[in-house]
Amino acid sequence: DDDGDGYIDNYSGWDFADEDNDPTADQNIHGILVTGLAAASTDNKIGIAGTGFRSRYMPIKIFSSVDGSFFQGYEAVAYAADQGCQVINLSWGGANAFSYFGQDMIDYAVLEKDAVVVAAAGNSGKFENFYPASCNHVLSVGQTDNNDNRANASTYGYFVDLLAPGQNIYTTTDKDG
């Protein structure tokens, strides 16, 4: 732990689920797909261009390599904020799963560290609260279909701030083929 932050050799991110410095997605590549949409290199004439011109990203893994279970997502939010991340994406959550601890971690990231927290609105197709997207100070994003209408699978409600393309879109992956 050369920098004294409590994480050994975390120069390329951190795996909260397996508690090591290898945040490689091995059970679920959803985070890689979202990262590609946001931060794929632009102006290089290969692959795709991300929406965030000259963006950088920090891989943080919260799903176990053993069984894919979720682990320490809100601790990862605080970690990202402490590491200086300006935008923190949360592509996970649950319906009606409010957590005071989760709200506190989001408040810390947004109000204390000046980060923007973006979260997926969910994929139930129902009118319901989905957390952390329904937390205060979170930019909640649902998905549209190919006709720019709310996709049938997109969770919706008063907490959803905006919709973005979510079907038949090109992005990145770490898998061959």
Side-chain angles (χ1 to χ4, degrees), residues 10 12-42 47-52 55-81 83 85-97 99 102 105-106 109 115-126 128-135 138-146 150-157 159-177:
N10 60 324
S12 64
W14 192 254
D15 181 345
F16 279 84
D18 300 320
E19 299 180 326
D20 62 34
N21 63 356
D22 182 9
T24 303
D26 46 15
Q27 288 283 329
N28 185 332
I29 65 166
H30 182 77
I32 291 169
L33 303 175
V34 173
T35 300
L37 291 171
S41 294
T42 55
I48 67 166
T51 57
S55 294
R56 295 179 300 155
Y57 69 94
M58 175 185 296
I60 298 175
K61 184 172 167 244
I62 57 170
F63 290 93
S64 169
S65 295
V66 176
D67 61 9
S69 62
F70 174 85
F71 189 71
Q72 292 191 331
Y74 290 116
E75 291 84 350
V77 170
Y79 171 82
Q83 298 298 316
C85 293
Q86 296 172 328
V87 178
I88 302 170
N89 180 67
L90 312 178
S91 294
W92 47 267
N96 301 309
S99 159
M105 293 298 97
I106 289 167
V116 174
V117 175
V118 179
N123 296 315
S124 73
K126 298 177 184 175
E128 63 186 355
N129 288 327
F130 189 84
Y131 293 93
S134 294
C135 286
V138 172
L139 179 63
S140 176
V141 182
Q143 64 172 308
T144 61
D145 63 18
N146 293 340
R150 181 185 61 84
N152 289 336
S154 187
T155 303
Y156 61 99
F159 67 91
V160 178
D161 296 301
L162 61 97
L163 299 174
Q167 296 180 343
N168 300 320
I169 52 179
Y170 293 100
T171 187
T172 56
T173 180
D174 70 342
K175 307 294 182 195
D176 293 329

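Owing to the predicted nature of the structure, the values given are computational and were not obtained by experimental measurement.
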Strictly distance-based, threshold 3.5 Å: is any side-chain N or O of [X] a donor or acceptor partner for the main-chain N or O of [Y]?
X	Y	value
Ser154	Gln143	yes
Asn129	Asn96	no
Thr155	Ser124	yes

Check your understanding: Do we see a donor-acceptor contact under 3.5 Å between the side chains of Ser91 and Asn89?
Key -> yes

Closest non-hydrogen atom pair, [X] against [Y]:
X	Y	value
Thr172	Leu33	O-CD2, 2.9 Å
Ala109	Val77	CB-CG1, 3.9 Å
Ser55	Ala39	CB-CB, 3.9 Å

[X] versus [Y]: any side-chain heavy-atom pair under 4.5 Å?
X	Y	answer
Val141	Val160	no
Leu139	Val117	no
Glu75	Ile62	no
Ile169	Leu37	yes
Asp15	Asp22	no
Leu90	Pro132	yes
Ile88	Val116	no

Point to revise | Centroid-centroid under 6.0 Å between Phe71 and Phe63 rings | key: no

Check your understanding: Would the Tyr74 and Trp92 ring centres measure less than 6.0 Å apart?
Key -> yes

Exercise for review: List the steps, then state whether side-chain contact (heavy atoms from CB on, under 4.5 Å) holds for Tyr79 with Met105.
Suggested key: CA-CA 10 Å; Tyr79 171 82; Met105 293 298 97; over 6 Å; no

Exercise for review: Answer yes or no: are there more than 12 heavy-atom neighbours, outside Asp67 itself, under 6.0 Å from its atom CG?
Suggested key: yes

Practice item. Answer yes or no: does atom CZ of Phe70 have more than 12 heavy-atom neighbours from other residues, nucleotides or ligands under 6.0 Å? Key: yes

Review point. Does the salt bridge (Lys or Arg N to Asp or Glu O under 4.0 Å) test come out yes or no for Arg150 and Asp145, once each step is laid out?
Key: CA-CA 6 Å; Arg150 181 185 61 84; Asp145 63 18; over 6 Å; no

Practice item. Start with the C-alpha gap between Asp161 and Ser140, add the side-chain angles, then the distance that decides, and say whether side chain to side chain donor-acceptor pair (under 3.5 Å) holds. Key: CA-CA 5 Å; Asp161 296 301; Ser140 176; 5.1 Å; no

Exercise for review: With rounding to the nearest 0.5 Å, note down the distance linking CD in Gln86 to CE in Met58.
Suggested key: 11.0 Å

Point to revise | Nearest-0.5 Å distance, CD of residue Gln72 to OG of residue Ser64 | key: 12.0 Å

Point to revise | Steps toward ring pair (Phe, Tyr, Trp, His ring centres under 6.0 Å) verdict (Phe159, Phe130) | key: CA-CA 9 Å; Phe159 67 91; Phe130 189 84; 7.7 Å; no

Exercise for review: Take Asn21 and Ser12, measure what side-chain contact (heavy atoms from CB on, under 4.5 Å) needs, and give me the verdict at the end.
Suggested key: CA-CA 7 Å; Asn21 63 356; Ser12 64; 5.8 Å; no

